[in-house]
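For reference, the structure discussed in these notes is given below.
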There are 4 protein chains.
Amino acid sequence: MAHDPGSIPGSATASSVTAARRGRPRDTSLRTAVLRATLELLRERASLSIEAISSRSGVSRPTIYRWWPNKTAVALEAFMTEVNHRLVLAPGGGVDEELRAFMHGAFGFAQEQDSVILASVIASATEHPDVMESYRAEFLRPRQDRLAGLVARQTRAGELRQGIDPTLLWQLLWGPVYLRLASGDVPVPTEFLDQVVTLLLTGLLAPPRCAPAAPAGPAGPAAPPEPRAEREGS
Amino acid sequence: MAHDPGSIPGSATASSVTAARRGRPRDTSLRTAVLRATLELLRERASLSIEAISSRSGVSRPTIYRWWPNKTAVALEAFMTEVNHRLVLAPGGGVDEELRAFMHGAFGFAQEQDSVILASVIASATEHPDVMESYRAEFLRPRQDRLAGLVARQTRAGELRQGIDPTLLWQLLWGPVYLRLASGDVPVPTEFLDQVVTLLLTGLLAPPRCAPAAPAGPAGPAAPPEPRAEREGS
Amino acid sequence: MAHDPGSIPGSATASSVTAARRGRPRDTSLRTAVLRATLELLRERASLSIEAISSRSGVSRPTIYRWWPNKTAVALEAFMTEVNHRLVLAPGGGVDEELRAFMHGAFGFAQEQDSVILASVIASATEHPDVMESYRAEFLRPRQDRLAGLVARQTRAGELRQGIDPTLLWQLLWGPVYLRLASGDVPVPTEFLDQVVTLLLTGLLAPPRCAPAAPAGPAGPAAPPEPRAEREGS
Amino acid sequence: MAHDPGSIPGSATASSVTAARRGRPRDTSLRTAVLRATLELLRERASLSIEAISSRSGVSRPTIYRWWPNKTAVALEAFMTEVNHRLVLAPGGGVDEELRAFMHGAFGFAQEQDSVILASVIASATEHPDVMESYRAEFLRPRQDRLAGLVARQTRAGELRQGIDPTLLWQLLWGPVYLRLASGDVPVPTEFLDQVVTLLLTGLLAPPRCAPAAPAGPAGPAAPPEPRAEREGS
DNA sequence: GAATAAACGAGACGGTACGTCTCGTCTTATG
DNA sequence: CATAAGACGAGACGTACCGTCTCGTTTATTC
């Protein structure tokens with residue numbers, strides 16, 4: 001992610017075995033310090049500047065520039081270290097159940113204040129193609145892949161309608177959550193994730209007259225959603 | 001919209017009849033020039049600065065600051081003048097039809113390149129409560145109100161299920177579109193708006209065994225949507 | 001002084017008799033208001049701006065520009081109205097006496113805090129030839145003329161050495177006072193004026209051996225000047 | 001002079017020996033460039049602005065602000081570098097001779113057009129106590145000290161009258177010169193300096209009847225000074 | 001009494017400089 | 001060779017005055 005030839009993350013790479021490279025070795029604690037400082041600043045809703053990251057982390061500005069191309073990249077990396085380790089999906093169960101589990105795993109981080117970060121990162125990533133690419137690779141791809149798998153599986157199982165476009169579904173799931181992040185409408189409670197799933201499963205249409213006595217089905221979920229009006233929407 | 005006490009826009013207010021105000025009258029061509037320059041810059045994806053707006057529009061910097069508190073406010077106003085005059089909804093027809101009409105009226109602007117603007121505006125509005133308020137008042141409110149009306153009407157008409165939360169629905173409609181704007185995934189074609197509506201109306205579930213002939217309804221919707229995979233999603 | 005075609009000050013000019021000019025007559029209270037406000041600001045050591053004069057005096061900016069070419073001109077005029085009415089010289093008496101009287105009359109204003117004003121005015125007048133000319137006409141000329149008269153008279157009377165250049169003398173009298181004004185070393189006490197005169201009259205040289213017993217003469221003045229060291233000089 | 005904690009000018013301080021300070025060293029050519037540009041602008045009688053200094057010298061504005069608190073400080077430093085290296089006094093000789101030498105050394109710079117600079121610097125220093133302090137320390141103090149020494153020496157030698165206040169004398173010597181600078185009455189020719197000394201030594205009074213042959217002394221002084229009237233005085 | 005004309009206030013505007021901030025680069029000394 | 005310290009140019013920020021201009025209003029003279 002950092003534009004670093006030598007890779008760092010886990011990085012028990014070959015190189016580290018063969019040759020302790022010449023010169024002073026990179027101080028890995030710097031990466032941690034920078035990312036931590038960045039998260040703190042983002043949480044404080046302070047406007048992020050390399051300047052600030054530098055002075056808070058104690059890492060000099062030129063050093064930061066050596067390892068990251070711009071502040072957006074730093075922010076994204078900082079966010080990812082926080083978020084991705086939660087993405088653990090336990091497949092199994094009905095569509096309903098499994099979709100909920102997916103939402104919780106994929107967007108559960110939105111329960112926390114930090115999550116606003118992502119919206120600002122994405123927004124500024126528009127100007128930095130490389131950062132955008134990181135975002136796709138590390139955030140989008142894994143989630144979209146899992147969703148695609150889920151859709152395929154449940155379609156085969158006959159639980160989902162035929163012909164559902166996983167990409168479209170992805171946008172209908174992630175879109176509302178992202179909207180709240182972008183609008184500062186955080187934290188996003190778990191119930192919201194569930195409501196989205198519920199509405200999507202059932203659809204908006206009134207049950208056809210075919211089975212007037214059968215609002216049953218998976219209808220339960222549609223239990224009168226308290227008309228939340230606390231906030232204005234987004 | 002501009003932080004202007006004395007009204008400018010349409011403003012055939014009483015005051016304008018009774019008293020042509022004292023002092024040199026405001027040169028209204030400036031407002032236009034500023035907004036036009038702003039749109040141009042935003043379209044060019046150039047990073048927006050008051051400096052740039054000033055030199056491009058030929059309006060001096062102090063004058064811009066006289067009428068707008070910050071660049072985000074300028075950008076929002078510029079966007080609104082472009083967008084809001086399209087919001088004409090002709091109610092009538094079935095849910096399906098009416099929801100589509102709503103989408104086209106409310107988000108049709110997303111067909112154009114300009115639309116990315118909005119995402120950047122919203123993103124930076126997070127730091128400017130007053131601009132955020134303008135955004136709510138001029139973009140969100142009218143659209144949400146119309147949607148709420150639509151929902152109420154169609155619920156009474158028995159076309160929509162009982163208990164649908166208009167706010168949640170709003171987020172499911174606007175969320176996906178906004179997501180594409182924010183990701184630079186523009187223009188958003190009209191078909192996308194329709195697909196969202198279709199999916200939401202019908203829901204994801206496979207038709208219950210109760211009535212094999214049932215899913216007719218507005219029929220078309222379930223038509224195998226070609227699994228668009230051109231783009232990666234957002 | 002003001003760049004006013006029609007003159008105002010005393011101005012019982014022919015024109016004022018023959019024709020009260022057409023149109024609304026100038027409101028003379030404005031001049032007073034402007035000058036008073038200017039003096040106040042100068043006394044407060046605030047940095048003088050037309051803006052400030054305008055808002056303090058309640059006279060609009062364009063009106064001030066109608067009557068004065070720049071702020072330096074306003075300041076000079078304000079100062080002169082304060083200062084010149086003191087210049088009343090009563091000739092007569094010995095050189096010593098008369099020179100002292102001259103100093104008191106010409107530079108007595110330096111006893112007051114306001115006097116610093118003059119230094120700043122002169123300094124900025126360097127860039128405004130017209131203001132400099134006013135300064136010469138209204139401040140310098142009358143004082144220099146009187147001094148020249150004094151020198152001529154006392155030279156004829158045999159009290160002053162032959163061949164004293166009045167211009168040089170003027171600079172030796174006004175220079176030290178001006179220096180204190182310019183350095184903010186105000187107020188300039190009357191004793192200072194006297195000391196200057198004394199030193200100049202007697203000169204620095206020790207009395208020639210010709211009359212070892214006669215430090216008398218006009219020596220009295222040289223009475224042990226208490227070695228003031230309170231301030232640093234200028 | 002610059003508000004620089006770390007010493008630059010001569011400063012062969014201990015620190016400079018032991019430790020060449022960390023970080024990129026200050027580019028001393030910038031200081032020179034700034035001061036040179038400043039002198040040029042002052043000579044051209046252009047109104048001095050940091051903006052102008054910056055663009056003329058090629059040094060960026062922030063850098064200038066890093067090293068000087070305001071433009072007055074820059075101007076003073078620029079002037080001092082030009083002026084102070086001339087202050088070399090060779091004591092010895094009679095009062096007359098020595099006083100003249102003092103004048104030439106201390107105020108000789110006034111022969112050049114540049115000298116007007118000083119007046120404008122002092123004028124604006126009134127608003128900047130720190131600059132005023134620099135002025136005292138670097139211009140006033142050394143000159144006043146030498147004058148005080150001169151007075152003491154010559155008083156002991158019996159050439160000067162007892163009880164002459166060096167501060168008062170300072171004002172009588174520097175005042176007339178400063179007056180000419182402030183009035184734009186430059187260059188100040190060497191003869192002017194001499195005339196001031198002459199007048200001060202001898203005094204104004206006609207020689208007492210005691211010793212008709214007396215006023216010999218340094219004789220010259222009383223030589224009929226051509227009544228210069230070319231300029232108006234100041 | 002109506003027309004005329006100047007004086008004036010209110011306010012908009014382009015312009016210039018201010019002093020500050022952050023960016024990203026570069027240069028040196030140190031580890 | 002990695003790093004810290006720090007100097008630097010570039011450029012935008014938001015503000016303060018400048019001096020000018022355009023109006024509408026007021027107050028006097030003149031026809």
Side-chain angles (χ1 to χ4, degrees), chain A residues 6 20-28 30 47-55 58-67 69-71, chain B residues 6 19-30 47-55 58-71, chain C residues 6 19-30 47-55 58-67 69-71, chain D residues 6 19-30 47-55 58-71:
Chain A
R21 295 210 306 284
R22 294 233 341 204
R24 176 173 171 176
R26 176 172 176 190
D27 180 348
T28 51
L30 292 184
S47 74
L48 194 65
S49 73
I50 295 277
E51 187 85 9
I53 297 175
S54 168
S55 67
V59 175
S60 75
R61 224 143 21 99
T63 299
I64 297 178
Y65 282 113
R66 232 192 305 277
W67 301 112
N70 51 58
K71 64 185 171 191
Chain B
R21 294 214 308 287
R22 301 252 318 223
R24 178 173 174 172
R26 178 172 174 187
D27 181 346
T28 50
S29 75
L30 294 182
S47 75
L48 193 64
S49 73
I50 294 278
E51 185 82 8
I53 297 175
S54 168
S55 68
V59 174
S60 74
R61 218 145 28 98
T63 296
I64 297 179
Y65 282 114
R66 241 192 295 277
W67 301 113
W68 290 276
N70 53 57
K71 63 188 173 193
Chain C
R21 293 211 311 288
R22 299 242 332 211
R24 177 174 173 174
R26 178 174 175 188
D27 181 347
T28 50
S29 74
L30 295 182
S47 74
L48 195 63
S49 73
I50 294 278
E51 188 85 5
I53 297 174
S54 168
S55 68
V59 175
S60 74
R61 225 146 19 101
T63 297
I64 297 179
Y65 281 113
R66 239 192 296 275
W67 302 112
N70 52 57
K71 64 185 171 193
Chain D
R21 294 213 309 287
R22 302 251 320 222
R24 178 174 175 174
R26 177 172 176 187
D27 181 347
T28 51
S29 75
L30 295 182
S47 75
L48 193 65
S49 72
I50 295 279
E51 186 85 8
I53 297 174
S54 168
S55 67
V59 175
S60 73
R61 219 139 31 94
T63 295
I64 297 179
Y65 281 113
R66 242 192 293 275
W67 301 113
W68 291 275
N70 52 58
K71 63 186 170 193

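Chain letters run A, B, ... following the sequence lines, proteins first and then strands; every chain starts at 1. Remember, it's a predicted structure, so these values are computed and weren't measured experimentally.
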A/S49 meets the side chain to side chain contact (heavy atoms under 4.5 Å, CB included) criterion, sequence neighbours left out, with A/E51, A/A52
Measuring from B/R26:CZ to B/R66:CZ, what's the distance to the nearest 0.5 Å? 10.0 Å
The reported gap from NZ in C/K71 to CD1 in C/I50 (rounded to nearest 0.5 angstrom) is 7.5 Å
All side-chain hydrogen bond (donor to acceptor under 3.5 Å, both in side chains) counterparts of B/S60, not counting sequence neighbours: B/T63
Identify, with sequence neighbours excluded, every residue that meets side-chain hydrogen bond (donor to acceptor under 3.5 Å, both in side chains) alongside D/S47. none
To the nearest Å, how far apart are C/I53 CD1 and F/dA16 P? 18 Å
Within the structure, does a side-chain N or O atom of [X] lie under 4.0 Å from either OP1 or OP2 of [N]?
{"X": "D/T63", "N": "F/dG9", "answer": "yes"}
{"X": "C/S60", "N": "E/dA10", "answer": "no"}
{"X": "A/W67", "N": "F/dA2", "answer": "no"}

For D/P25 and for A/G58, find the nucleotide of DNA chain F with the closest heavy atom, then tell me which residue's nucleotide is more 5'. A/G58
If you assign C/L30 and B/V59 each to the DNA chain E nucleotide with the nearest heavy atom, which residue ends up on the more 5' nucleotide? C/L30
Within the 4.0 Å limit for protein heavy atoms, which parts of nucleotides 18-23 of chain E are touched? Write it as a string from 5' to 3', B for base, S for sugar-phosphate only, - for none. BBBBSB
Measure the shortest side-chain to side-chain distance between B/S54 and B/I64 over non-hydrogen atoms and say whether it is less than 4.5 angstrom. yes
Under 3.5 Å, is there any donor-acceptor pair linking the side chain of C/R24 to the base of E/dA6? no
